[in-house]
Amino acid sequence: MWRFCSTPMSDSALAPVRVRFAPSPTGSLHIGGLRTALYNYLLARQTGGAFLLRIEDTDRDRFVEGAEADIQESLRWVGMDWDEGPDRGGPRAPYRQSERTDRYRDIVQQLLESGHAYLAFDTKEELDAARTAAGDAFAYDAASRMTMRNSLSLPADEVQRLVEAGMPYVVRFKVPERGEPVVFTDLVRGDVSIPLDRVDDQVLLKSDGFPTYHLANVVDDHDMQITHVIRGEEWLPSTPKHVLLYRALGWDAPQFAHLSLILSPTGGKLSKRSADKLGIPVNVAQYRDVGYDPRAVVNFLALLGWNPGDDRERFTLPELVDAFSLERLGDAPVTFSLDKLAWFNGLYLRDTPAEDLAAMALPAVQAKHPDVTLDALVPVADLMRERIAFANDLADFDYFFEDPAVYDEAGVAKRWKPEHSAALVRAYADAVEAAPSFDAETLETLLRQTADAAGVKAADLIHPVRIATTGTTAGASLFHTLEVLGRDAVVRRLRTAADRLG
RNA sequence: GGCCAGUUCGUCUAGGGGUUAGGACGCCGCUCUUUCACAGCGGUAACACGGGUUCGAUUCCCGUACUGGCUACCA
């Protein structure tokens with residue numbers, strides 16, 4: 001609408017926002033969660049606002065020890081920092097929901113007193129029965145609540161008796177029976193409207209005394225003065241509940257932006273299960289462990305559902321902070337592409353210093369070849385940089401660390417001539433052994449001399465030498481590879497191959 | 001089933017009433033390299049369908065189909 005005259009700067013000239021990333025510590029941070037965190041972070045940094053980390057640990061059954069630490073490490077790995085959070089506190093502390101239960105109970109009490117909530121005693125069995133009876137169409141709502149066992153349907157003295165007898169109960173939100181549809185503006189999709197009779201009486205307080213997400217998220221976002229709720233699309237259908245809650249509490253609701261979901265290449269939400277099957281890592285920690293460059297992960301993720309409006313594709317985190325805008329967020333689901341991520345990774349990998357590459361790959365290399373040192377790996381990294389997609393791929397080139405055990409069959413068939421290859425290779429080995437110096441240039445001169453002396457083309461020696469020293473037909477510049485291998489290994493390998501291949 | 005959202009090359013996307021529908025990944029080819037890769041160049045490939053509205057719809061509206069999400073005392 002105002003697109004014509006607006007510049008990228010004025011487009012998203014927002015007042016400082018307060019946004020949060022609010023993961024549940026039920027496991028390692030999911031790659032989709034990282035994207036959600038990223039968009040929140042970008043908006044906060046761009047507007048000079050605040051990015052908070054809040055831990056939503058209200059589900060005691062799914063709580064995973066160590067998950068919170070993993071989440072924090074994952075965020076730090078890609079370079080995202082937060083202004084307020086469980087580890088560093090802040091003016092709205094605490095930032096762990098399990099430490100805010102008193103606050104939720106107060107709010108629930110308030111809701112109960114104002115008639116916006118009620119006690120419900122229905123057991124799991126009773127609820128299941130109701131669902132079965134209604135053929136899955138059951139909703140605990142204005143239409144059905146009087147048929148259930150709660151403080152609305154039961155006489156007051158009975159409710160009193162049940163509570164005093166210690167009967168477990170939950171507190172449910174009482175959705176208004178009549179009224180206008182709930183309408184809210186989603187920054188990504190525009191106005192969304194849902195009729196009141198489609199909103200059910202959401203449980204606010206569980207029988208274990210912990211709040212549900214719906215309650216805790218509203219209370220915390222209000223208490224923490226969150227201005228923009230940027231979260232996954234899976235929350236879109238329950239947003240009316242949250243809007244109604246804000247209304248009942250007399251609070252202003254924040255702005256909402258629901259991000260399209262990341263789909264698996266085979267369809268459906270990119271879940272642990274579906275991704276594993278396709279070899280797609282789902283946890284951020286896995287990307288780190290496999291050797292992805294965090295800059296590539298961020299770059300890839302940023303462009304999955306957002307675009308800058310021009311053809312730029314390469315962005316560092318600070319560049320993203322500048323370029324980001326909510327307006328350019330896509331509203332359609334996106335499919336995860338490992339190929340594209342790998343391409344980004346190659347982009348960053350190619351201008352990573354060899355020293356850093358070697359350091360990244362060292363653990364993987366040492367797992368196969370314990371004696372390899374960082375110093376020995378640096379020249380390998382330098383040589384192979386353009387031929388690998390991940391730092392850890394360096395570990396695949398075993399020939400840098402041990403003599404080849406086998407020779408590529410097709411390569412031998414094509415390049416190794418029984419009539420003269422062995423003799424040529426032996427002659428070259430002798431020349432290399434006797435050479436005054438050992439460097440790529442000398443090695444090449446020597447090879448051409450050897451070939452000339454034997455009356456064959458250089459190629460007739462180059463290919464057999466590559467096979468003899470590396471076992472394969474593919475690789476970096478032959479003479480630089482030989483230089484990295486070292487004189488002893490080269491001479492030894494040449495002679496061994498001549499003997500074995502004949 | 002109900003509710004909500006979505007639908008431009010295989011994938012990520014730009015665009016938007018009149019365009020040769022643009023870019024990127026992938027794939028294919030060429031160049032470079034006596035190999036492989038990188039890089040460069042070129043190519044392949046898309047507006048889900050049906051009705052409207054309009055001089056003209058891929059673009060706006062309505063349906064349909066399909067996809068996805070939600071429908072827990074999980075988040």
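Chain identifiers are assigned alphabetically (A, B, ...) following the order of the sequence lines, protein sequences preceding nucleic acid strands; residue numbering begins at 1 within each chain.
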Value in whole Å for how far the [atom2] atom of [N] lies from [atom1] of [X]:
| X | N | atom1 | atom2 | answer |
| --- | --- | --- | --- | --- |
| A:L341 | B:rU11 | CG | P | 18 Å |
| A:W306 | B:rA24 | CH2 | C1' | 14 Å |
| A:D59 | B:rC74 | CG | C1' | 5 Å |

Tabulate atom names and distances for all N/O pairs under 3.5 angstrom spanning the protein and nucleotides 26-34 of chain B.
| unit_1 | atom_1 | unit_2 | atom_2 | d |
| --- | --- | --- | --- | --- |
| B:rU34 | O2' | A:H463 | NE2 | 3.3 |
| B:rU34 | O4 | A:A458 | N | 3.2 |
| B:rU34 | O4 | A:A459 | N | 2.9 |

Next item on the list: Check salt bridge (Lys or Arg N to Asp or Glu O under 4.0 Å) between A:R295 and all other residues, then give those that pass, not counting sequence neighbours.
Entry: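 Per chain and number, A:R295 pairs via salt bridge (Lys or Arg N to Asp or Glu O under 4.0 Å) with A:D293.
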
Less than 4.0 angstrom between a side-chain N/O of [X] and OP1 or OP2 of [N], yes or no?
| X | N | answer |
| --- | --- | --- |
| A:N307 | B:rU13 | no |
| A:R198 | B:rC4 | no |
| A:T58 | B:rA75 | yes |
| A:T335 | B:rC12 | yes |

Checklist line | Proximity to the side chain of A:K206 - top-ranked nucleotide from B:rC74, B:rC70, B:rU35 | finding: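 Per side-chain heavy atoms of A:K206, the pick is B:rC74.
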
Notebook entry, point to check: Does atom NZ of A:K414 have more than 12 heavy-atom neighbours, drawn from other residues, nucleotides or ligands, at distances under 6.0 Å?
Noted result: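 Atom NZ in A:K414 is not crowded, with 12 or fewer foreign heavy atoms closer than 6.0 Å.
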
Item checked: Whichever of A:T473 and A:T266 has its nearest RNA chain B nucleotide further upstream toward 5' ->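 It is A:T473 whose nearest nucleotide is closer to the 5' end.
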
Item checked: No-H, no-angle donor-acceptor pair, A:R387 side chain to B:rC36 base, under 3.5 Å ->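 Looking at the base of B:rC36, it does pair with a donor or acceptor on the side chain of A:R387 (distance under 3.5 Å).
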
